[in-house]
Amino acid sequence: MAGTKINFKEIEEKWQRRWGESKIFDAEIKSDKKFFLTVPYPYTSGPLHIGHGRTYTLGDIIARFKRLQGYNVLFPMAFHVTGTPILAIADSIAKSEKEVIERYKDYVSIYEDAAKVEETVNSFGNAENVADFFAARISEDFKRMGYSIDWRRKFNTTEPMYNKFIEWQFKKLYEKGVINKGKYPITYSCEDDSAVGEDDIEEGDTNKVSIIEHTTIKFELSNDTYLIAATLRPETIFGVTNLWIKPAAKYVKVKVGNEFWIVSVEAAEKLGYQREEAEVLEEIEGGFFVGKKVKEPVEGREIPVLPASFVDADVGTGVVYSVPAHAPYDYIALEDWRRKEGLEIAPIKIIDIEGYELPAKEICERMRIESQEDVRLEEATQIIYKDEFYRGVLNEKCREFAGVEIAAIKDEVKNWLKEENIADVFYETSRKAVTRGGGKVIVAVLQDQWFIDYTPGWWKDLGHKLVEGMTFYPERYKAYMHDIIDWLALRPCARKRGLGTRFPFEKEWIIESLSDSTIYMALYTIAHLLRQLPVDALDEKFFDYVFLGIGDAEELAEGINKPLQGLLGRGAEPHIGVNVLERIREEFEYWYPNDLRHTAPPHLSNHLVFFLMHHAAIFPESKLPRAITLNELMIREGRKMSKSKGNVIPLAKVSELFGVDLYRLYCAINADFASVVNWREQDVDALRKKFNALVELFEQSIGVEKLKENELTHTDRWLLSKFYRRLRESIERFEAFRIREVGLNMVFNLMNDIRYYEHRESRERRRRIVRNVMEDWLIILSPIVPHICEEMWHRNRGEKGEVREERKLKFISMQTLPEIKEEFIDDRVEREEEYLVSLIEDIKEIMKIARIQPGKIYVYTADADAEKWKWEIFRAIKDLSEKDKIKEAMKFRKDKNTVDFVKQLMKSNLDYFELKEEEVLEREREYLMNEFGCQMVVNEEYDPKGKKKFAIPLKPAIYVEG
RNA sequence: GCGGGGGUAGCCGAGCAUGGACAAAGGCGCAGGACUUAAGAUCCUGUUCCGUAGGGAUACGAGGGUUCAAAUCCCCCCCCCCGCACCA
């Protein structure tokens with residue numbers, strides 16, 4: 001075969017241009033049923049790659065399918081600019097940071113000529129330029145991917161219109177009493193003087209830094225002066241025997257209220273970020289405290305302060321209290337002391353746990369740990385911690401807490417210690433971390449952080465109720481979303497840095513970027529219309545009217561026009577007519593709610609839950625989201641795609657490297673939403689061959705005459721039956737978002753059917769039968785591979801000229817789903833074919849095993865006159881249980897052969913189906929003889945090997961004569 | 001640890017909810033053949049083992065169990081992936 005000579009790139013461009021010119025994806029209000037689909041707007045800090053493309057592509061496939069279903073579809077797009085990353089990039093570039101500049105040169109050179117790269121990147125010192133550049137490029141990328149987006153509604157999240165909208169949202173939440181201010185611990189960089197997140201932290205994406213709450217416990221050194229020990233296990237305070245300190249480290253005295261706390265220098269700095277009243281006084285060498293006695297706070301026992309090398313001044317407070325019965329570190333350190341100095345300190349056991357007498361001692365012995373420098377101490381600590389936490393019980397030394405499991409009593413002990421003014425809270429990071437700039441990351445407590453309080457019961461109830469009524473795909477995420485709502489508590493919603501909307505209640509704060517992207521889908525419905533209004537008009541009243549129907553359009557218009565009239569002078573026509581406002585309201589009313597949000601699982605516990613909760617709080621029930629679908633990520637050659645691995649393929653390169661339709665097909669077919677897609681070059685190549693073959697198949701049927709109804713043979717009917725059955729299944733699956741199955745069914749399986757058909761009939765006839773189903777086939781494939789379908793559709797219809805405005809309905813993209821021709825779906829035809837296939841297989845098997853070249857084939861069916869009783873019994877016992885079958889059969893024919901037959905029947909496990917075997921075989925005799933290149937006869941008397949008796953219904957007996 | 005998802009032939013990946021037609025779809029890879037000057041593409045055949053008649057044996061992470069019958073149901077164990085918050 002010559003292979004298809006199609007220039008895919010040309011076709012992509014042609015149809016994208018024509019779709020654009022004809023504005024077919026610009027969604028306008030129609031009386032039809034509507035479908036409003038959104039995917040997350042991309043963050044414009046850099047180019048998107050093929051992994052991101054999966055979500056947008058699947059979104060577009062759904063949008064296109066919904067159009068075929070007859071929905072008036074709105075699929076809009078905007079750009080996310082809010083937050084710190086873009087600003088941080090601009091700052092770095094302004095500061096000429098080499099690494100960032102190099103990275104952005106790479107990014108820009110995806111799009112720009114080498115000559116312009118430098119200049120462009122230089123302009124990125126300004127954050128706005130970064131955002132604008134990538135927003136513009138990503139728009140182009142999306143157009144090149146063939147996405148059916150209504151671009152008129154595009155906006156970005158830093159423009160004034162958006163700010164106004166976000167202000168409105170926060171006022172609504174404020175009215176509900178869920179915007180509050182309070183203390184909040186965060187990861188923080190002193191150097192940058194700001195909060196830092198996963199993206200700001202070195203290796204933060206692979207090795208997360210979380211906030212750990214330590215308990216500090218005061219050990220009195222002298223009046224009002226305390227050594228402050230930090231611990232994760234405050235319940236072990238009852239077993240304390242001594243303190244540990246690092247002699248070489250520097251400690252400081254810190255004035256906290258009326259008390260003086262002694263902690264390491266590092267801890268004092270952290271304390272400064274966690275408490276308002278901490279004041280650092282003099283510095284003291286660790287060694288100074290060695291040998292001193294302190295009073296433990298619970299019993300008032302005097303215990304010694306000892307030096308230990310394992311103490312890290314930069315973890316906790318640099319002071320550790322020692323519980324040698326239960327802490328391996330402490331046990332080993334004391335052992336050291338005993339050996340070197342002969343100092344005996346007896347462990348105090350306070351936790352009973354099965355399998356241990358003295359847990360710390362035993363674990364060290366078992367693991368053969370002998371030195372405090374042994375790295376495995378960490379592991380030993382983990383093991384004991386876990387064992388004791390889940391299985392340990394506090395013993396009689398622990399006052400009223402005795403007899404309770406650690407897991408259940410830990411927090412009670414902690415709270416009691418706090419109440420007794422013995423304990424306090426100290427936050428520490430879960431590991432030592434630095435920012436990408438190298439600044440140390442600590443935990444700071446913000447004293448007046450604004451946050452959204454998701455705890456009110458009424459709100460959670462609304463959230464649960466909403467989720468309950470929604471569709472989720474994959475379904476399991478529904479239960480997960482309920483869990484997230486339960487677990488959601490406080491969420492900081494503003495920060496002092498970054499791009500975004502000023503917090504309306506305190507202007508030096510900026511609304512944080514996940515909090516400003518929760519109900520923005522509503523803005524899509526009206527964004528293009530808001531452009532005609534002055535920004536000042538977009539006040540609270542305005543949005544109340546548009547989104548909630550509160551107030552009156554006339555009054556509102558007057559309010560808007562008054563200041564304008566002042567400018568224009570008396571007697572001038574009002575600028576904004578009531579009709580404009582009504583139109584805006586109407587648009588929102590028509591399109592909202594968001595029928596489907598398609599995104600990826602990482603958004604579940606942040607963006608999506610806010611999306612749901614904010615909708616539930618602000619909008620009436622009729623405007624709440626209807627469905628969420630999620631697709632997993634894409635990896636490449638088995639590995640995660642990331643800048644650092646250098647294995648990223650930009651979305652902008654898809655057309656050039658693979659072709660858009662092929663990429664889209666791969667996204668659709670390679671994995672279900674619930675599975676990770678593995679982008680493998682080898683698989684892409686294999687799919688390309690398939691795809692090209694498919695295109696060629698279509699091409700070869702263009703201009704060919706269809707088979708007429710009266711020409712149809714059994715094989716034609718078989719193909720048509722297969723086709724419409726697959727089509728019917730595919731539409732059902734499409735509706736259920738099982739796009740992979742649609743793709744497999746309508747590409748791989750159908751092509752196999754057609755290959756079989758061609759083998760059975762002829763190439764010429766195949767061209768004709770394909771022509772019979774081609775239009776329907778193209779339509780169902782068009783959401784997935786729209787460009788080639790559009791091309792084939794038009795070639796087939798001979799519409800080579802430009803498509804003019806009035807002919808826009810002629811796009812395949814604007815068709816409706818084909819009718820399923822149920823009359824062609826024919827079980828009998830398919831069963832007959834299966835019957836033949838299995839007969840051929842059996843004969844081949846026999847030829848192979850017996851090593852015979854057939855001279856003549858004898859086939860004996862169970863519906864031959866002499867064997868007919870078999871069919872009768874088959875019919876009679878088909879629905880009976882195994883046990884009853886023989887019994888029932890014997891009623892028909894008391895005979896040993898009957899028993900043998902029924903046994904054979906049961907073993908072959910055939911599905912009952914009425915089929916006239918002899919008739920089918922006679923009809924297809926010529927084909928069968930062709931297959932084997934020899935004579936074949938059916939139900940002849942001649943039966944030299946006595947095979948006849950082995951015939952059972954649907955499985956003829958065979959004798960092959962050499 | 002908690003919560004969720006998985007472990008299927010050389011690889012990827014269906015099937016498992018409603019146990020039987022499952023040696024297990026489909027694809028890739030590999031081997032042989034056809035076509036070709038050749039390569040590629042395409043098409044056939046094979047791809048656990050045994051078998052001169054359509055059959056049999058062993059197999060679906062490991063081990064038990066239920067059943068006439070288990071990849072599919074139950075129990076237990078091992079391993080892998082994802083989420084656990086302020087970050088877009």
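The chains referred to below are lettered A, B, ... by the order of the sequence lines, with proteins before strands, and numbering in each begins at 1.
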Less than 6.0 Å separating the ring centroids of A:Phe8 and A:Phe691?
-> yes

Hey, which sits more toward the 5' end of RNA chain B by its nearest nucleotide, A:Ala489 or A:Arg740?
-> A:Arg740

Please state the C1' separation for the pair B:U18 and B:C12 - nearest whole angstrom.
-> 28 Å

What is the distance, rounded to the nearest whole Å, between atom CG of A:Asp516 and atom P of B:A88?
-> 9 Å

Look at the side chain of A:Lys947 and decide which nucleotide, out of B:A53, B:U42, B:G55, has an atom nearest to it.
-> B:A53

Starting at NE2 of A:His614 and ending at C1' of B:C86, how long is that distance when rounded to a whole Å?
-> 13 Å

Could you walk me through whether A:Asp453 and A:Lys181 pass the salt bridge (Lys or Arg N to Asp or Glu O under 4.0 Å) check?
-> CA-CA 9 Å; A:Asp453 181 358; A:Lys181 212 176 191 188; over 6 Å; no

Between A:Tyr473 and A:Asn631, do the side chains contain an N or O donor and an N or O acceptor separated by less than 3.5 Å?
-> no

Using the C1' atom as the reference point in each nucleotide, state the distance between B:A62 and B:C78 in Å, no decimals.
-> 7 Å

Can you tell me the distance, in whole Å, between the CZ atom of A:Arg738 and the C1' atom of B:G15?
-> 12 Å

Does the ring centre of A:Phe79 sit less than 6.0 Å away from the ring centre of A:Tyr43?
-> no

Rounded to whole angstroms, how far apart are CG on A:Asn752 and P on B:C44?
-> 9 Å

Nearest listed nucleotide, side chain of A:Arg476, among B:G54, B:G83, B:G4 | B:G4

Checking all strands, does A:Ser515 fall into the base, sugar-phosphate, or nothing category for heavy-atom contacts under 4.0 angstrom?
-> nothing

With respect to the phosphate group of B:C43, does any side-chain polar atom (N or O) of A:Arg755 fall under 4.0 Å of OP1 or OP2?
-> yes

P-based separation of B:A41 from B:G64 [nearest Å] | 47 Å

Report yes if the distance between the aromatic ring centroids of A:Phe472 and A:Tyr480 is under 6.0 Å, otherwise no.
-> no

Does A:Lys496 NZ have over 12 foreign heavy atoms under 6.0 Å away?
-> yes

Among B:A85, B:A88, B:G5, the one nearest any side-chain atom of A:Glu512 is B:A88

With sugar-phosphate meaning primed atoms plus P, OP1 and OP2, does A:Ala479 contact a base, only sugar-phosphate, or nothing at under 4.0 Å between heavy atoms?
-> nothing

Mind checking the C1' distance from B:G27 to B:A14? Whole angstroms is fine.
-> 11 Å

Counting side-chain heavy atoms from CB outward, which of B:G27, B:G5, B:C84 is closest to A:Phe748?
-> B:G27

side-chain N/O A:Arg851 vs B:A53 OP1/OP2, d < 4.0 Å = no

Which one is paired to B:U42, where only Watson-Crick or G-U wobble pairs with both distances under 3.5 angstrom count?
-> B:A34

When all nucleic acid strands are considered with a 4.0 Å heavy-atom cut-off, which category describes A:Leu687: base, sugar-phosphate, or nothing?
-> nothing

Is A:Trp487 stacked on the base of B:A85, with ring centres under 5.5 Å apart and planes under 30° apart?
-> yes

For atom CD of A:Glu841 and atom C1' of B:G54, their distance in whole Å = 11 Å

Just checking A:Pro42: base, sugar-phosphate only, or nothing, at a heavy-atom cut-off of under 4.0 Å?
-> nothing

Give A:Arg688 one of three labels, base, sugar-phosphate or nothing, depending on what nucleic acid heavy atoms sit under 4.0 Å from its own.
-> nothing

Whole-Å gap separating P (B:G29) and CD (A:Glu681) = 14 Å

Grab the CD1-P distance between A:Ile511 and B:C86 for me, whole Å please.
-> 20 Å

Specify the separation, in whole Å, of atom CD of A:Glu632 and atom C1' of B:C81.
-> 10 Å

Can you tell me if A:Lys870 uses its side chain to pair, donor with acceptor, with the backbone of A:Lys949 under 3.5 Å?
-> yes

Mapping A:Asp672 and A:Ile843 onto RNA chain B by nearest heavy atom, which one lands closer to the 5' end?
-> A:Asp672

Which nucleotide, B:C87, B:G51, B:C12, lies nearest any side-chain atom of A:Arg680?
-> B:C12

Candidates B:A88, B:C28, B:G83 - which lies nearest the side chain of A:Tyr43 | B:A88

Indicate, with a heavy-atom threshold strictly under 4.0 Å, whether A:Phe451 touches base, sugar-phosphate, or nothing.
-> nothing

Does B:A88 have OP1 or OP2 sitting under 4.0 Å from an N or O in the side chain of A:Ser513?
-> yes

When A:Phe503 is tested against each of A:Trp450, A:Phe451, A:Trp509 for ring pair (Phe, Tyr, Trp, His ring centres under 6.0 Å), which residue passes?
-> A:Trp450

Just call it for A:Arg491: base, sugar-phosphate, or nothing, with non-hydrogen atoms closer than 4.0 Å on any strand.
-> base

Counting any heavy atom closer than 4.0 Å, what does A:Ile186 reach on the DNA or RNA strands: base, sugar-phosphate only, or nothing?
-> nothing

Could you tell me whether A:Glu741 contacts a base, only the sugar-phosphate backbone, or nothing, with contacts defined as non-hydrogen atoms closer than 4.0 Å?
-> nothing

Pairing partner of B:G29 (Watson-Crick or G-U wobble, both distances under 3.5 Å) = B:U47

Roughly how far apart, to the nearest Å, are B:G55 and B:G5 at atom P?
-> 40 Å

Reckon A:Thr187 has a side-chain N or O less than 4.0 Å from the OP1 or OP2 of B:C87?
-> yes

Using the C1' atom on both, measure B:U72 against B:G33 and round to a whole Å.
-> 39 Å

Is there a donor N/O on one and an acceptor N/O on the other, under 3.5 Å, for the side chain of A:Asp842 and the base of B:A53?
-> no

Is A:Lys690 touching bases, backbone alone, or none of the nucleic acid, heavy atoms closer than 4.0 Å?
-> nothing

Can you tell me, in whole Å, how much space there is between the P of B:C16 and that of B:U66?
-> 25 Å

Quote, to the nearest angstrom, the P distance that separates B:C80 from B:U8.
-> 14 Å

Pairing nucleotide - B:G83, Watson-Crick or G-U, each distance under 3.5 Å | B:C2

Contact class for A:Ala957 (heavy atom, under 4.0 Å): base, sugar-phosphate, or nothing?
-> base

Checking all strands, does A:Leu514 fall into the base, sugar-phosphate, or nothing category for heavy-atom contacts under 4.0 angstrom?
-> base

With a non-hydrogen cut-off below 4.0 angstrom, is A:Leu744 in contact with a base, only sugar-phosphate, or nothing?
-> nothing

Could you check whether A:Asn678 gets within reach of a base, just the sugar-phosphate, or nothing at all, counting any heavy atom under 4.0 Å?
-> nothing

Does the distance from a Lys or Arg side-chain N to an Asp or Glu carboxylate O, for A:Glu833 and A:Lys722, drop under 4.0 Å?
-> no

Between B:A14, B:A88, B:C86, which one does the side chain of A:Ser675 approach most closely?
-> B:A14

Just to confirm, is there a sub-4.0 Å distance from OP1 or OP2 of B:A88 to any side-chain nitrogen or oxygen of A:Arg495?
-> yes

Under 3.5 Å, sequence neighbours excluded: what are the donor-acceptor pairs made by side chains of residues 834-854 of chain A?
residue: A:Tyr835; atom: OH; partner: A:Glu917; partner atom: OE1; Å: 2.6
residue: A:Ser838; atom: OG; partner: A:Tyr835; partner atom: O; Å: 3.4
residue: A:Asp842; atom: OD2; partner: A:Lys955; partner atom: NZ; Å: 3.0

Among the nucleotides B:A88, B:C84, B:A53, which one has an atom lying closest to any side-chain atom of A:Ser605?
-> B:C84

